[in-house]
Chemist: 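Below is one structure. I have some questions about it.
Worth knowing before you read on, the calculation uses all heavy atoms, side chains too, and leaves out hydrogens, waters and symmetry mates.
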Amino acid sequence: SDMSDWNPSEIIGNNPNLLDYSLYDYLIMQNAWHKGRLKLGYQNMNNSNLMTKFGNKPYVDIEASFNSLIPENLNNSLKIKLVKYYFNKLTDQPQLHDKVEFEILFTCYDANTDSRLTELLNHNFSETEIKKIKKSLIDLTNGVINNFPNILDECIKSIITMKKNRENIYANSNITKQNYFQKLETAEQLLIDCKNFGTTPFSTLARIAFIAAVIFKSFLNKQIISIEFFEQFMNSINTPLSEFQLDLSLYYGKKLSKKAFLNKYGHLRPGTYDITEIRYDKKNLFLGDFYFNKSKPLKIKNLEINKLNKLLEKSELDFSNINFLLFVKESLIGRENLKFEFTHNLSDALELIADAGHDLGFTKNELSNLDINTILMSYKKYKKTELKKFWKKKINLQKKKYLINNFLVLPPLIFSENDFNFIHYFISKPNFVTSKSKTSKIVFLDDTNHEIDLSNKIIMLKNADPGYDWIFTRNPSGLITQYGGVASHMAIRCAELALPAAIGCGEILYEKLKSSSKVMLDCKNEEIIILEHNNNDEMIEVRKTLKLLGYIK
């Protein structure tokens with residue numbers, strides 16, 4: 001699936017370059033993702049690789065994903081039976097492949113779990129088996145809650161270690177005077193630290209943040225808390241985005257120097273894994289017109305907090321050692337802070353690879369056709385002249401391969417070989433953020449039009465990562481993305497800013513919206529209404545039909 005679990009289509013895109021893909025694989029999808037789950041009590045998968053690809057398109061291995069989210073303390077026969085049930089449900093309802101953790105899997109215990117477990121009675125599960133599953137979920141969730149303070153402390157220490165190591169690397173060498181070999185050696189050191197002290201603890205914290213979000217959302221679904229309380233609380237969270245906006249306002253108020261600002265945020269780039277994208281400290285555009293998008297959070301009513309705490313005291317979830325709302329807030333903030341820091345190492349490593357490539361006579365676009373493992377192994381193996389020949393050969397072969405694969409039309413979900421012959425698209429239900437409604441002109445943002453006016457526009461993006469945080473300083477009225485989940489980076493950002501959004505609307509709806517110029521984004525009623533169409537393309541319907549049939553991309 002291109003939308004389940006770690007959602008590579010959201011992070012590196014639907015058609016990434018080889019370097020983007022290999023970096024995401026190296027840093028997260030090979031084993032960091034699994035180590036993070038194993039620490040929390042999920043089944044040991046012996047470091048299965050989570051990602052594969054067909055053509056240029058990345059996919060998540062659903063078998064590895066589903067198995068990795070089963071509690072370790074269940075017996076093997078029940079584990080196998082659960083996975084079989086998961087597969088059968090996904091086969092019957094493939095449109096749920098971007099919402100498996102809410103609609104198909106049982107990954108933690110929340111307010112919806114008991115009612116959802118009753119469905120198993122219709123699928124040959126006994127009451128005894130269901131009780132065992134419930135107990136395993138309660139034990140796992142309580143284990144996560146009770147261990148959270150220690151895990152958060154470990155993650156904070158990891159951030160400190162990673163930053164200190166990075167500073168020591170720079171202090172002990174003059175990077176501008178390094179030769180290509182030394183630059184690649186430094187890049188490798190940064191990437192190793194990025195994996196050990198960044199993405200591995202991040203995968204643990206990301207899972208905890210997801211569990212916290214699932215529990216909190218389940219209280220909303222069960223009407224234990226009101227939508228106003230939910231939104232006010234999410235709006236009160238301050239991730240690096242709030243800090244970014246505050247520091248940007250200090251910069252414009254001449255209370256923070258440009259150098260100090262860029263030392264902190266200059267590593268960000270719209271496309272975290274993409275060597276061809278320009279960093280904030282290399283492009284003044286990202287310091288353009290500024291609008292402070294976050295409104296002052298409303299005071300959360302103590303009445304609802306007390307009501308929630310009393311309910312939790314009677315529940316089977318153990319929040320005796322940590323306040324529930326603090327658990328939600330600290331896990332979400334911790335996840336975003338850790339992501340912010342490990343992307344610093346990654347971004348610096350990409351710059352060093354680009355500089356080393358320039359010394360060898362290669363452009364960034366050419367380097368994007370190399371696999372990170374090829375880069376890290378070959379620079380030690382070959383002398384400079386042989387290395388240039390080796391890289392040139394690899395680049396030329398990959399360019400041809402990429403161009404050929406670019407003609408492939410691939411489905412969002414693959415069950416069998418038949419799915420390569422008949423392309424099925426599924427109508428995805430977007431994840432709506434806030435209960436607001438906005439009517440506005442829309443603007444499609446891509447790699448080529450960053451200088452377009454975004455003020456009071458609903459932004460359309462295929463996918464986005466932390467490097468796109470600059471868009472929130474341009475006074476947008478809303479956001480719609482093709483890829484993304486309920487607890488994804490952009491969903492958290494929009495909730496933090498109380499910005500109406502539809503995250504992960506899928507291929508069909510996104511293509512339909514491409515022919516529009518004005519829409520109503522109605523988050524309260526969970527719909528997007530096209531109000532005006534573009535009149536400059538008479539072939540819209542023909543192109544849509546040809547695309548769905550696979551004749552054009």
Side-chain angles (χ1 to χ4, degrees), residues 40 101-102 106-118 134-135 137-153 155-156 205-239 241-242 294-337 431-436 486-487 491-501 523-524 526:
L40 298 178
E101 292 202 47
F102 290 91
F106 297 102
T107 63
C108 66
Y109 187 78
D110 62 65
N112 290 321
T113 303
D114 286 338
S115 57
R116 286 188 59 221
L117 282 171
T118 58
K134 177 181 175 178
K135 185 179 185 307
L137 292 172
I138 291 171
D139 290 346
L140 183 143
T141 308
N142 283 333
V144 168
I145 294 165
N146 290 322
N147 289 328
F148 174 66
N150 291 331
I151 292 172
L152 183 62
D153 187 53
C155 289
I156 292 169
L205 204 51
R207 171 54 33 189
I208 296 174
F210 198 94
I211 289 171
V214 167
I215 296 171
F216 196 31
K217 194 93 176 181
S218 73
F219 292 147
L220 177 63
N221 293 340
K222 287 288 185 180
Q223 297 183 329
I224 294 166
I225 58 174
S226 67
I227 185 66
E228 291 78 18
F229 175 79
F230 181 85
E231 291 182 0
Q232 285 170 14
F233 178 79
M234 294 303 293
N235 187 223
S236 72
I237 291 174
N238 289 322
T239 71
L241 173 61
S242 295
K294 184 164 183 176
S295 56
K296 189 176 180 180
L298 297 171
K299 187 174 173 65
I300 299 170
K301 294 178 181 177
N302 287 329
L303 190 65
E304 289 221 53
I305 295 175
N306 294 336
K307 177 185 171 185
L308 180 60
N309 288 336
K310 284 180 181 177
L311 183 133
L312 284 166
E313 286 174 11
K314 297 175 184 176
S315 78
E316 294 178 270
L317 293 175
D318 181 12
F319 283 100
S320 55
N321 293 324
I322 184 170
N323 177 272
F324 169 68
L325 293 176
L326 186 65
F327 172 68
V328 177
K329 182 174 285 192
E330 292 295 329
S331 62
L332 289 172
I333 292 172
R335 181 187 79 164
E336 296 303 317
N337 284 339
N431 302 289
F432 289 93
V433 182
T434 80
S435 56
K436 295 179 179 179
V486 67
I492 299 301
R493 290 294 197 254
C494 291
E496 179 182 354
L497 298 175
L499 184 74
C523 296
K524 185 175 183 179
E526 300 192 341

Chemist: Output all residues satisfying ring-ring contact (aromatic ring centres under 6.0 Å, His included) with Phe319, sequence neighbours left out; order by chain, then residue number.
Modeler: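 If we apply the ring-ring contact (aromatic ring centres under 6.0 Å, His included) test to Phe319, skipping adjacent residues, the hits are Phe324, Phe327.
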
Chemist: Between CZ of Arg207 and CD of Glu101, what distance do you get to the nearest 0.5 Å?
Modeler: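 One gets 4.0 Å once the value is rounded to the nearest 0.5 Å.
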
Chemist: Could you work out, with side chain to side chain contact (heavy atoms under 4.5 Å, CB included) as the rule, every residue matching Lys222, not counting sequence neighbours?
Modeler: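 Lys222 satisfies side chain to side chain contact (heavy atoms under 4.5 Å, CB included) with Ala111, Asn112, Ser115, Ile224 only.
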
Chemist: With sequence neighbours excluded, tell me which residues meet salt bridge (charged side-chain N to carboxylate O under 4.0 Å, His left out) with Glu231.
Modeler: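 Glu231 satisfies salt bridge (charged side-chain N to carboxylate O under 4.0 Å, His left out) with no other residue.
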
Chemist: To the nearest 0.5 Å, how far apart are CZ in Arg493 and OG1 in Thr239?
Modeler: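 Between atom CZ of Arg493 and atom OG1 of Thr239 there are 3.5 Å.
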
Chemist: Give the intermediate values and the outcome of side chain to side chain contact (heavy atoms under 4.5 Å, CB included) for residues Phe106 and Lys134.
Modeler: CA-CA 9 Å; Phe106 297 102; Lys134 177 181 175 178; over 6 Å; no

Chemist: Return a table of donor-acceptor pairs under 3.5 angstrom between the side chains of residues 141-152 and protein atoms on other chains or two or more places apart.
Modeler:
{"unit_1": "Thr141", "atom_1": "OG1", "unit_2": "Tyr109", "atom_2": "N", "d": "2.8"}
{"unit_1": "Thr141", "atom_1": "OG1", "unit_2": "Leu137", "atom_2": "O", "d": "2.7"}
{"unit_1": "Asn142", "atom_1": "OD1", "unit_2": "Asp318", "atom_2": "N", "d": "2.7"}
{"unit_1": "Asn142", "atom_1": "ND2", "unit_2": "Ile138", "atom_2": "O", "d": "3.4"}
{"unit_1": "Asn142", "atom_1": "ND2", "unit_2": "Glu316", "atom_2": "O", "d": "3.1"}
{"unit_1": "Asn146", "atom_1": "ND2", "unit_2": "Asn142", "atom_2": "O", "d": "3.0"}
{"unit_1": "Asn147", "atom_1": "ND2", "unit_2": "Gly143", "atom_2": "O", "d": "3.1"}

Chemist: Can you name the side chain to side chain contact (heavy atoms under 4.5 Å, CB included) partners of Lys436, sequence neighbours left out?
Modeler: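 So Lys436 forms a side chain to side chain contact (heavy atoms under 4.5 Å, CB included) with Thr434, Ala498, Pro500.
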
Chemist: Taking side-chain hydrogen bond (donor to acceptor under 3.5 Å, both in side chains) as the definition, give me every residue that meets it alongside Glu330, ordered by chain and number, with sequence neighbours left out.
Modeler: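 Glu330 satisfies side-chain hydrogen bond (donor to acceptor under 3.5 Å, both in side chains) with no residue once adjacent residues are dropped.
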
Chemist: For the CD atom of Glu496 and the CD1 atom of Ile492, what is their distance to the nearest 0.5 Å?
Modeler: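 If we round to the nearest 0.5 Å, Glu496:CD and Ile492:CD1 are 9.0 Å apart.
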
Chemist: Verify side chain to side chain contact (heavy atoms under 4.5 Å, CB included) between Ile225 and Phe233, making sure each step is shown before the conclusion.
Modeler: CA-CA 11 Å; Ile225 58 174; Phe233 178 79; over 6 Å; no

Chemist: Please give me the minimum heavy-atom distance between Ala209 and Leu332, naming the atom from each residue.
Modeler: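 Reported closest heavy-atom pair: CB-CD2, 4.0 Å.
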
Chemist: Got a sec, which residues hit salt bridge (charged side-chain N to carboxylate O under 4.0 Å, His left out) with Arg335, two or more places apart in sequence or on another chain?
Modeler: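 Arg335 satisfies salt bridge (charged side-chain N to carboxylate O under 4.0 Å, His left out) with no other residue.
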
Chemist: Find the distance between CD1 (Ile211) and SG (Cys108) and round it off to the nearest 0.5 Å.
Modeler: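 Output value for this atom pair is 5.0 Å.
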
Chemist: Can you measure from CG (Asn431) to CD (Glu526) and round to the nearest 0.5 angstrom?
Modeler: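 With rounding to 0.5 Å, CG (Asn431) is 9.0 Å from CD (Glu526).
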
Chemist: Phe216 and Leu325: side chain to side chain contact (heavy atoms under 4.5 Å, CB included), yes or no, with the steps?
Modeler: CA-CA 9 Å; Phe216 196 31; Leu325 293 176; 4.1 Å; yes

Chemist: To the nearest 0.5 Å, what is the distance between OG (Ser218) and CZ (Phe102)?
Modeler: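 With rounding to 0.5 Å, OG (Ser218) is 9.5 Å from CZ (Phe102).
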
Chemist: Looking at every non-hydrogen atom in both residues, tell me the closest pair between Ile208 and Ser331 and how far apart they are.
Modeler: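 The answer is CG2-CB, 4.0 Å.
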
